[in-house]
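Some notes on the structure that comes next.
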Amino acid sequence: MAYNFTEIEKKWQNKWYSEGTFNAQDDHSKEKWYGLIEFPYPSGQGLHVGHPRSYTALDIIARKKRMQGYNVLYPIGFDAFGLPAENYAIKNHVHPKITTQKNIAHFTEQLKALGFSFDWSRVVDTTDPNYYKWTQWIFIQLYKHGLAYKTTMPINFCTGCKVGLANEEVVNGVCERCGSPVVQKEKSQWMLKITEYAQRLIDDLDDVDFLEKIKIQQKNWIGRSEGAEVKFNIDGTSEELIVYTTRPDTLFGATYMVVAPEHLVMETLKDKITNIDEIKEYQKQASLKSDFERAELNKDKTGVEIKGIKAVNPLTGSLIPIWVSDYVLSTYGTGAIMAVPAHDDRDYAFTKKFNLPMIQVIESNDESCICNIEEEPFTDVATGKLINSGFLTGLSVEDAKKSVIKHLEENNIGTKKINYKLRDWVFSRQRYWGEPIPMIYCEDCGWVTVPETELPLVLPEIEDYEPGENGESALAKHTEWINTKCPHCGKDAKRETDTMPQWAGSSWYFLRYMDPHNNDALASKESLNYWGPVDWYNGGMEHTTLHLLYSRFWHKFLYDIGVVSTKEPYQKRTSHGMILGSNGEKMSKSKGNVINPDDIVKDFGADTFRVYEMFMGPFDQTAPWSMESIRGCGKFLERVWNMQEFLVDGDSYSSKFEKMMHKAIKKVTSDIEEMKFNTSISTFMTMVNEFYKEKQINKAEFKTFIQLLNPFAPHMTEELNEFLGNKETIANTPWPTFEESKTIDDEIELPFQFNGKLKATIIIPLNSDEQSVKDIVHNNETVCGLLEGKTIIKEIYVKNKIYNIVVK
RNA sequence: GCUGAUGUGGCGGAAUUGGCAGACGCACUGGAUUCAAAAUCCAGCGGGAAACCAUGUGGGUUCGAGUCCCACCAUCAGCACCA
C-alpha cells in the first residue's frame with residue numbers, strides 16, 4: 001500500500017489548524033515552555049529552504065515538550081517592514097501594504113504545508129498598527145528616560161537618486177541601483193543610547209545559556225577595554241590633547257602623536273600651524289572617502305605632520321611632533337592617540353613609512369626571544385619588562401600599568417578609563433515603509449512626544465513612495481500629515497518624517513506573542529510574568545551581534561521601567577548552519593542553485609523534507625543540499641509506512657526488542673535536547689532495519705516508535721496512530737519513558753589490545769573485575785599465541801572499556 | 001592582516017568525549033523477484049595478496065590519540081587600522 005503523502009498531509013494539517021491543536025493554553029498553572037524562532041521577512045521570493053531548518057528543529061523540541069506535559073508556546077509572525085517592499089513599490093507602483101499582505105499570505109500557506117506546530121492564533125505582523133502602536137510606545141518611553149536623542153550623523157547619500165542608502169545598497173562606493181557615487185551627508189538623526197547599557201550587556205551574559213561562540217561574539221562587538229586617558233600639553237599654548245590608550249605603561253616610549261582628520265585641534269590652533277593649507281587639503285581628501293574607501297585604501301598609511309605646534313610628553317617633558325592621519329578614527333576613544341612605534345603594529349608601520357623616531361621601553365623576560373625592534377615591534381604583554389622608563393623601569397607590564405595610572409591621577413595628568421567599541425544606535429531612516437517616529441517639533445517647546453492616547457501614529461497611505469528632496473523620507477512631501485499642533489502649547493508644529501529601522505519591530509516581538517491581542521498594553525503583566533523569558537531562541541549567526549544585542553537592550557530597558565520581570569529576554573540561544581546549494585556554494589538566483597521548498601513538498605512530501613533537513617548534517621554547521629540524499633529519507637519513511645504489513649499484537653515490548661526500545665527512547669530523548677537530530681534519525685533507521693530483519697513489530701513497539709518519530713515526521717505518524725486504532729491525536733500522548741536498567745547490556749564485547757594494537761575482542765559479563773577478565777584473557781587462544789616467547793611488562797584493564805597487554 | 005570555525009571512504013557524515021575508526025544514509029556492485037524494466041527485498045562496499053597502512057601535514061605526550069599539546073597547510077565565515 002503506497003503512502004499518499006499529498007492527501008494524508010493535507011488531512012492532518014486541516015485537522016490541526018482548524019482545531020487549534022497546538023495553540024498555547026491560557027492555563028497558567030501548568031509549567032510553561034516558550035520556544036522561539038526568528039520570524040521571517042516575507043519577501044516576494046517566498047520561503048527559502050534555510051527557513052525550515054531552524055523551524056523544524058524547534059518544532060521537534062516543541063512537540064516533544066508538549067508530549068512531556070508542558071504548556072508550550074511556539075509562535076510565528078512576520079517582520080514585514082523593510083527596504084525590498086519599498087523598492088518594489090517605487091518600481092512597480094504597488095503599495096507596500098498590498099505586496100506585504102500578499103507575501104504574508106503566501107508564506108502562511110507554505111509554512112502550513114510543512115506542518116509546523118505553530119500557534120496560528122497569535123500571529124504578529126510588525127506593520128499592523130495595533131502592533132506598532134507599542135513599538136512607538138516603547139520609543140516614547142526611551143525618550144522620556146533620556147535614552148533617545150537627536151544628533152548629526154553622516155548617512156550614505158546617492159548623488160544620482162538623491163536618497164539616503166543603507167550600507168547594503170552601497171557597492172564598491174557607488175549606488176547599487178544607479179551606479180552614481182555615494183557621498184557622506186550630514187543629517188540630524190534620532191539615536192538610542194545603547195552604550196549606557198554596555199556593561200550590563202556584557203555582565204548579564206553570565207546568567208544565560210547561550211552558545212559560547214555567541215557570547216564571545218557579543219562581547220567582542222561591545223569591545224570593552226581598560227586603559228587610561230592622558231593629557232598632553234601643547235607647547236606654548238594653553239591647549240591640550242587628550243588621548244586614550246590601553247598601554248599607559250608605554251608612555252615613556254611615546255615619540256609623537258596622531259589625531260584624526262576630524263579632530264578640532266587643527267581648527268583651534270589654526271593660527272599657529274604653519275602648513276595649514278596642506279592640512280586642510282588632507283582633511284578634504286579624507287572627508288571625500290567613504291568608510292568603505294578608507295577601509296579599502298588603508299593598506300598604505302597616509303598622513304601629514306602638523307607643523308608649528310608640538311606636544312609635551314607629560315612624563316619625560318620632551319617635545320614631540322603631532323601628525324594627522326586617517327588611521328586614527330574620530331569615533332573611537334578621543335580621536336587622538338599617542339604613538340608608541342616600538343610596541344604597536346600600526347604605529348610601527350606609520351613610523352617606518354615616515355621615518356619617525358622610536359624608543360624601546362619594553363624588553364622580553366624570555367631569554368630565548370631574539371626580539372629586535374629594528375625588525376618588528378615588540379607587543380607581547382605577558383613576558384614584557386619595562387626599560388628606559390624612569391620610575392617604571394624593571395616593572396612587569398601589569399605592574400607598570402597600575403603604577404603609571406596612580407602617578408597620572410596623583411599629578412592630575414590622566415585617569416583610568418574604560419572604553420567600549422559599541423556605538424549608539426542610529427534609529428532614523430529616511431524611508432517610507434517603517435514605523436513613523438512619534439515625535440513633533442514645536443518652535444517654542446522643542447521636541448515633544450505624540451501623546452500616548454493618540455497612538456498608534458498611523459503611517460499615512462500615500463501614492464508617491466520615492467524619497468523626498470535631499471534624502472528626506474517620502475513623508476516629507478505630505479504637508480497635510482506633517483503639519484499638526486504642538487501637544488504642549490497648541491501652536492503650529494511639525495511631525496518627524498523619519499521612520500524607524502527594521503530592527504525596531506523585531507526588538508520586542510517575542511513579548512507580543514505572549515498576549516498578541518491586548519489593546520491596553522504591549523502584553524498583560526500576568527502573561528509577561530508567566531511566559532517570560534523565552535526558554536529557547538534559535539536563529540542565524542548573522543543576527544548574533546545586531547538583532548540580539550538590540551533586543552537585549554530594549555528588554556533591559558523594559559525591565560528597568562517595570563514592564564517585564566526578567567533582566568534577560570532569552571534564557572538560551574542556539575544557532576543553525578546555512579544550507580548551501582548542491583555545488584557547495586551559497587544559494588543564489590545568479591548561480592542557479594536555488595531550491596524551492598514548494599517543489600520539494602510536492603515531490604517528496606513535508607515529512608521527507610523535514611527528516612532530510614534534520615538528517616543532512618550537524619545542525620549548527622553548514623550543509624550542502626543533495627537531491628539523492630533526500631530520496632533516501634523518503635525511502636526510510638516508506639519503510640516505516642510498510643511496517644504495517646508485519647504488525648502483530650502485543651501490549652508490551654517483545655523480549656527481542658525490549659533493550660533496543662529502551663535504548664532508543666533514551667537516545668532520542670537526549671539527542672533532541674542537544675539538537676543532535678541527525679543521530680536520532682540514524683537511530684530510527686537502525687530500528688527499522690532490525691524490524692525488517694525479523695519481519696515483525698508488535699503494537700506496543702510500533703506505538704512507541706511512532707511517538708518518538710512524531711516530532712520529526714508528524715503527518716505520517718498521526719496516520720499510523722489512527723491505523724493502530726488510537727482515537728487521540730498522537731501529539732497529545734505522553735512522551736515514551738525508559739528504564740535505565742533496560743538500556744544496559746549484560747554482556748559486552750571487550751576490545752583486547754597487544755602493545756596498543758587491537759588484536760581481538762572477547763565477550764565478558766558487564767562490570768567484570770580485573771582478575772576474572774585476566775583469567776579469560778590468558779586462556780584465550782589468540783592471546784596465548786601472541787604471548788609465546790614474550791615477556792609481559794604491563795597489563796592494563798579499564799573496566800568495560802579495554803584490556804591491553806604490553807610486552808617485550 | 002585579525003578573529004572564529006572546519007578538515008575522517010567516491011559523497012553527506014558517526015564515534016559514549018582518551019579506549020574496536022568509518023554507525024546511519026547516498027552512490028556503486030552482486031543476488032532474489034519480474035516476460036522485462038522501475039520499485040521492493042537480501043548481501044557486499046577505506047586501501048592492501050598479506051603483515052599491515054589509514055581521520056589535512058610534521059612532531060610530541062600516552063599502554064592506547066580522530067579526540068590532548070606544539071608547529072604548519074588548506075577551506076569557509078565574519079570584521080576592517082578600536083590606540
Side-chain angles (χ1 to χ4, degrees), chain A residues 2 212-213 216-217 220-221 223-225 227-228 243-248 250 254 257-258 260 291-292 294-296 298-299 301 325-329 331-340 343-347 349-350 419-423 541-542 544-545 577-578 580 582 584-586 611-612 615-618 620-633 635-636 638-639 642 667 670 676 678-689 692-693 695 749-761 793-807:
Chain A
E212 201 48 39
K213 63 176 174 182
I216 290 170
Q217 208 163 330
N220 287 347
W221 189 266
R224 178 195 155 102
S225 66
V243 301
Y244 173 71
T245 175
T246 55
R247 296 293 305 277
T250 61
M257 304 188 73
V258 187
D291 278 356
F292 173 82
R294 274 208 197 183
E296 266 308 282
N298 70 27
K299 311 283 184 245
K301 290 196 167 33
S325 170
D326 63 6
Y327 86 88
V328 173
L329 306 177
T331 47
Y332 183 77
T334 61
I337 62 152
M338 62 178 206
V340 186
H343 308 290
D344 180 274
D345 293 314
R346 287 150 304 157
D347 297 345
F350 194 76
N419 244 338
Y420 301 93
K421 288 188 210 171
L422 185 71
R423 294 178 212 160
M541 273 313 273
E542 69 274 18
T544 28
T545 45
M578 218 188 338
L580 305 173
S582 48
E585 292 182 81
K586 215 168 168 170
V611 168
Y612 171 60
F615 186 61
M616 67 197 310
D620 61 340
Q621 275 164 45
T622 54
W625 187 269
S626 159
M627 276 304 179
E628 285 73 40
S629 285
I630 194 172
R631 223 161 270 142
C633 292
K635 204 162 107 182
F636 157 68
E638 288 277 340
R639 275 161 76 80
N642 289 332
K667 172 86 176 143
S670 64
K676 291 163 80 175
N678 52 337
T679 52
S680 283
I681 293 168
S682 50
T683 303
F684 293 134
M685 288 171 168
T686 309
M687 289 170 88
V688 169
N689 290 345
Y692 266 73
K693 261 181 207 150
K695 282 271 176 290
E749 231 181 77
L750 189 81
F752 170 74
Q753 290 186 335
F754 203 70
N755 279 347
K757 293 210 166 144
L758 182 80
K759 291 292 174 187
T761 56
I793 293 175
K794 200 173 180 183
E795 290 184 56
I796 296 145
Y797 172 61
V798 183
K799 205 188 212 175
N800 301 330
K801 295 274 186 195
I802 198 100
Y803 198 97
N804 189 6
I805 298 184
V806 186
V807 296

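In what follows, every chain begins at residue 1, and chains take the letters A, B, ... in the order their sequences are listed.
You'll find the ring centres of Tyr612(A) and Trp625(A) inside the 6.0 Å limit.
Atom pair Leu758(A):CG and rC63(B):C1' shows a separation of 14 Å (rounding to whole Å applied). Distance, Phe636(A) CZ to rG25(B) P: 10 Å, rounded to whole Å. Computed from coordinates, the Ile216(A) CD1 to rA77(B) C1' distance equals 15 Å when rounded to whole Å. What separates CZ of Phe752(A) from C1' of rC63(B) is a distance of 12 Å, to the nearest Å. With rounding to whole Å, Asn804(A) atom CG is found 9 Å from rG19(B) atom C1'.
Using a 4.5 Å heavy-atom threshold, the side chains of Ile802(A) and Leu750(A) count as separate.
Across the strands present, rC28(B) finds its partner in rG44(B); the criterion is a Watson-Crick or G-U wobble pair with both atom distances under 3.5 angstrom. The partner of rA71(B) is rU57(B), by the rule that a Watson-Crick or G-U pair needs both atom distances under 3.5 Å.
Among the heavy atoms of the strands lying under 4.0 Å from Thr686(A) are primed sugar atoms or P, OP1, OP2 only; no base atom is included. Nucleic acid contact for Gln753(A): base, since at least one base atom lies under 4.0 Å from a heavy atom of the residue.
In this structure, of rU3(B), rC63(B), rC82(B), it is rU3(B) that holds the atom nearest to the side chain of Asn220(A).
Close to rG4(B), at under 4.0 Å from its OP1 or OP2, lies no side-chain N or O of Lys213(A). At the phosphate of rA83(B), OP1 or OP2 sits under 4.0 Å from a side-chain N or O atom of Tyr332(A). The phosphate of rC82(B) (OP1 or OP2) has no side-chain N or O of Arg423(A) nearer than 4.0 angstrom.
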ask   = In the 5'-to-3' direction, what one-character label does each nucleotide of nucleotides 37-52 of chain B receive under the scheme B = base within less than 4.0 Å of a protein heavy atom, S = sugar-phosphate only, - = no such atom?
value = ---SSS---------S

query = Which letters describe nucleotides 9-17 of chain B, given B = protein heavy atom under 4.0 Å from base, S = only from sugar-phosphate, - = neither?
reply = ---BSSS--

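Both Cys633(A) and Ser325(A) lie near RNA chain B, and the one whose nearest nucleotide falls closer to the 5' end is Cys633(A).
Applying side chain to side chain contact (heavy atoms under 4.5 Å, CB included) to Asn804(A) and the options Val798(A), Leu758(A), Ile796(A) leaves one that passes, Ile796(A).
Applying the side-chain contact (heavy atoms from CB on, under 4.5 Å) criterion to Lys586(A), with sequence neighbours excluded, gives Met578(A).
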